[in-house]
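First comes the structure, then the notes that go with it.
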Amino acid sequence: MDNLRPLSTTQGVLYGADGSARFHMGSTSVLVSVNGPQSQGLGMRDEQEDRAILDISHIPISGTAGVADKHMEECIRTTFESAILLGYHPRTMIQVIAQTIKDDGGLLAASINATTMALMDAGIPMTAIVAAVTCMVEKETGAILVDQTAESLERAKSIHTFAISSARGNSPDPNVLLLHSLGLFTESELSHCQEAAVGATDAIFAFMRKAVSKKIEKGHQQDGDMQED
Amino acid sequence: MQVSTNEREFVLEALRSGIRVDGRKPLGLRTVDIDIGADYGHVNVRLGKTQAMVQVMAEIVAPYPDRPTEGQVIIHSELSPMATRNESIKSAETELTINRMLERIIRKSRAIETEGLCIVAGHKVWRIVINIHFLDNDGNLLDAACIGVMAALLHFRRPDVTVIGQEVTVHTIEERNPVALSINHVPICVSFAFLDDGQHPVLDPTLLEEQLCEGDMMIAVNAHREICAIQKAGGLGMETSQLMLCTTVALEKGQEITEMIQKALAEAKTKML
């Protein structure tokens with residue numbers, strides 16, 4: 001946990017949503033609400049006869065959703081389409097709304113982590129949980145750094161967001177659901193980043209499991225939060 | 001979602017005995033929770049289960065040609081699907097009403113001194129952008145937003161600037177302490193809903209009460225006992241005596257809420273030190 005910023009999460013923060021969660025990675029913070037599986041808001045043309053569809057909205061703190069947000073929506077959607085058992089709820093929609101609270105670097109990763117917590121809070125069936133982290137290669141030193149602030153990310157030569165599934169199956173290799181890269185990088189740099197990301201996401205999985213256990217222990221439907229340094 | 005007849009009758013019966021479904025008296029306000037964020041101008045407000053988040057930002061822009069010495073105030077309040085739950089027609093109306101009311105309460109009533117936002121007359125002024133996100137809707141989004149906006153504006157600090165002729169230097173937080181906005185007065189919005197054929201006005205309606213009401217009224221007041229804005233658009237015709245009663249209640253509640261905001265800001269300040 002020493003290379004990740006302080007993590008903090010709270011589930012069940014909204015009354016109006018089926019499931020919700022806040023996830024903080026350092027100062028970066030995202031609030032996600034999940035509704036569904038539902039038929040409300042689903043157009044006739046959109047529904048699929050054999051599975052649920054995922055509708056993702058990513059809302060920035062200021063202004064209207066722009067290209068960056070639309071891109072993050074796509075990333076989140078494709079990531080979770082692999083993890084959610086969509087076939088269990090045909091002809092329905094699972095609506096995920098991610099609201100940026102503060103962006104201090106690693107927004108996509110925080111959004112994905114918050115989405116995992118919110119989906120669990122909503123009781124959406126999944127084959128595995130998903131953890132994400134941002135990894136960068138520093139321009140000057142070539143150092144591989146994980147979960148950096150916005151200021152630190154300015155000094156990156158390349159930035160990679162990894163979303164990794166908790167399901168390993170029989171293989172020791174990690175199941176990478178999403179790899180989003182920016183900048184120039186070598187194969188070896190990417191390989192090192194992946195190694196670092198796997199270590200970090202293992203820590204995030206442990207943190208998520210602890211958070212959910214604590215919530216169940218407390219026995220409250222609407223209340224359960226955990227902080228870890 | 002339509003409200004069932006049973007629910008409707010239950011709400012009205014309860015009101016006739018002087019109590020609301022959540023246990024409040026008709027003119028009772030829900031618990032107000034003002035959470036001042038770590039960043040300047042970031043506030044999270046809860047009014048019962050209703051939740052709104054406000055973020056104030058500032059940028060330097062060219063002034064409007066017909067107002068060369070005035071800064072600008074932009075209010076950006078969109079109803080995200082988090083609050084609307086896909087009820088498209090109703091939410092479009094609600095969004096418009098909220099935005100219009102906030103414009104009147106905050107901009108038109110000149111809560112922020114825009115002349116104080118001028119940097120170089122005719123060339124550069126501050127534009128204050130107020131972003132409002134509705135996170136949870138259990139009724140009365142407008143009042144929650146208004147509390148959040150005023151708290152955020154009072155909390156916000158813009159960067160300090162030095163002007164030499166036409167040259168503008170914007171100082172970072174490390175160089176110079178950021179500067180508070182010049183707030184003329186603090187308008188607070190207090191909303192009422194009229195139920196049971198107008199016999200029972202309720203303060204700070206929940207979502208259920210909003211869905212059942214036959215008319216509504218929003219009154220914006222400030223600590224100087226001035227009325228900044230009133231909106232009673234359509235709906236049931238109300239007797240003037242009822243409206244005067246609502247105004248009196250609004251002035252009182254407005255005072256209470258202003259004190260809550262000041263208290264929250266003072267607490268946040270001591271926490272920072």
Side-chain angles (χ1 to χ4, degrees), chain A residues 6 8 10 12-22 24 26-43 46 54-66 69 73 92-104 114-115 118 122 150-151 222-223, chain B residues 1-2 22 30 33 35 37-44 46-59 74-91 95 127-139 141 144 152 156 172-174 206-208:
Chain A
S8 157
T10 317
V13 289
L14 299 176
Y15 293 94
D18 290 335
S20 57
R22 276 187 205 264
H24 309 259
S27 303
T28 300
S29 170
V30 181
L31 168 67
V32 172
S33 83
V34 168
N35 287 308
Q38 60 184 29
S39 54
Q40 201 175 25
L42 188 62
D46 302 322
L54 262 187
D55 180 59
I56 319 274
S57 302
H58 198 283
I59 307 168
I61 185 74
S62 179
T64 37
D69 296 284
E73 285 172 12
T92 67
M93 171 172 85
I94 298 170
Q95 186 185 52
V96 176
I97 302 157
Q99 169 72 60
T100 309
I101 308 279
K102 183 159 159 74
D103 181 8
D104 186 26
T115 304
E151 202 200 327
Q222 294 273 6
D223 199 308
Chain B
M1 274 256 277
Q2 272 206 305
D22 59 6
R30 284 176 287 186
D33 183 58
D35 185 19
D39 280 353
Y40 285 127
H42 187 109
V43 172
N44 208 70
R46 266 177 293 164
L47 187 56
K49 293 179 187 172
T50 297
Q51 197 175 153
M53 176 178 73
V54 182
Q55 175 73 65
V56 175
M57 298 176 149
E59 51 191 15
I74 308 281
I75 300 173
H76 193 258
S77 72
E78 260 186 7
L79 275 186
S80 86
M82 255 192 211
T84 63
R85 301 197 238 174
N86 303 307
E87 286 156 35
S88 43
I89 301 168
K90 182 104 199 290
S91 62
E95 187 177 67
R127 170 188 283 168
I128 304 297
V129 181
I130 305 169
N131 293 292
I132 305 161
H133 298 280
F134 295 104
L135 307 177
D136 221 342
N137 183 8
D138 189 26
L141 294 173
F156 182 67
T172 61
I173 302 182
E174 289 85 35
T206 59
L207 186 61
L208 181 59

task = Provide the closest heavy-atom pair for P60(A) versus H133(B) in the form atom of the first, atom of the second, distance.
result = O-CE1, 3.2 Å
task = Report yes if the side chains of N131(B) and I61(A) come closer than 4.5 Å at any heavy-atom pair, otherwise no.
result = no
message = Counting only non-hydrogen atoms closer than 4.5 Å, does T100(A) touch chain B with its backbone (N, CA, C, O), its side chain (CB onward), both, or neither?
response = backbone
inquiry  = I'd like to check I59(A) versus M82(B) (side-chain heavy atoms, cut-off strictly below 4.5 Å). Are they in contact?
reply    = no
ask   = For R30(B), does the CZ atom have more than 12 heavy-atom neighbours from other residues, nucleotides or ligands under 6.0 Å away?
value = yes
message = Let me confirm one number: the CG-OG distance from L135(B) to S20(A), rounded to the nearest 0.5 Å.
response = 10.0 Å
query = Of all residues at least two apart in sequence or in a different chain, which pass the side chain to side chain donor-acceptor pair (under 3.5 Å) check with D39(B)?
reply = K102(A)
query = If every non-hydrogen atom of D136(B) is compared with every non-hydrogen atom of G16(A), which pair is closest and at what distance?
reply = OD1-N, 2.7 Å
message = At a 4.5 Å cut-off on heavy atoms, which part of S27(A) comes close to chain B: side chain, backbone, both, or neither?
response = neither
message = Checking H42(B) now: which residues fulfil side chain to side chain donor-acceptor pair (under 3.5 Å) with it, not counting sequence neighbours?
response = Q55(B)
ask   = Who among S57(A), S62(A), S33(A) has the most heavy-atom pairs with chain B under 4.5 Å?
value = S62(A)
key: Non-hydrogen atoms of Q51(B) and V13(A) that approach each other most closely   = NE2-O, 3.8 Å
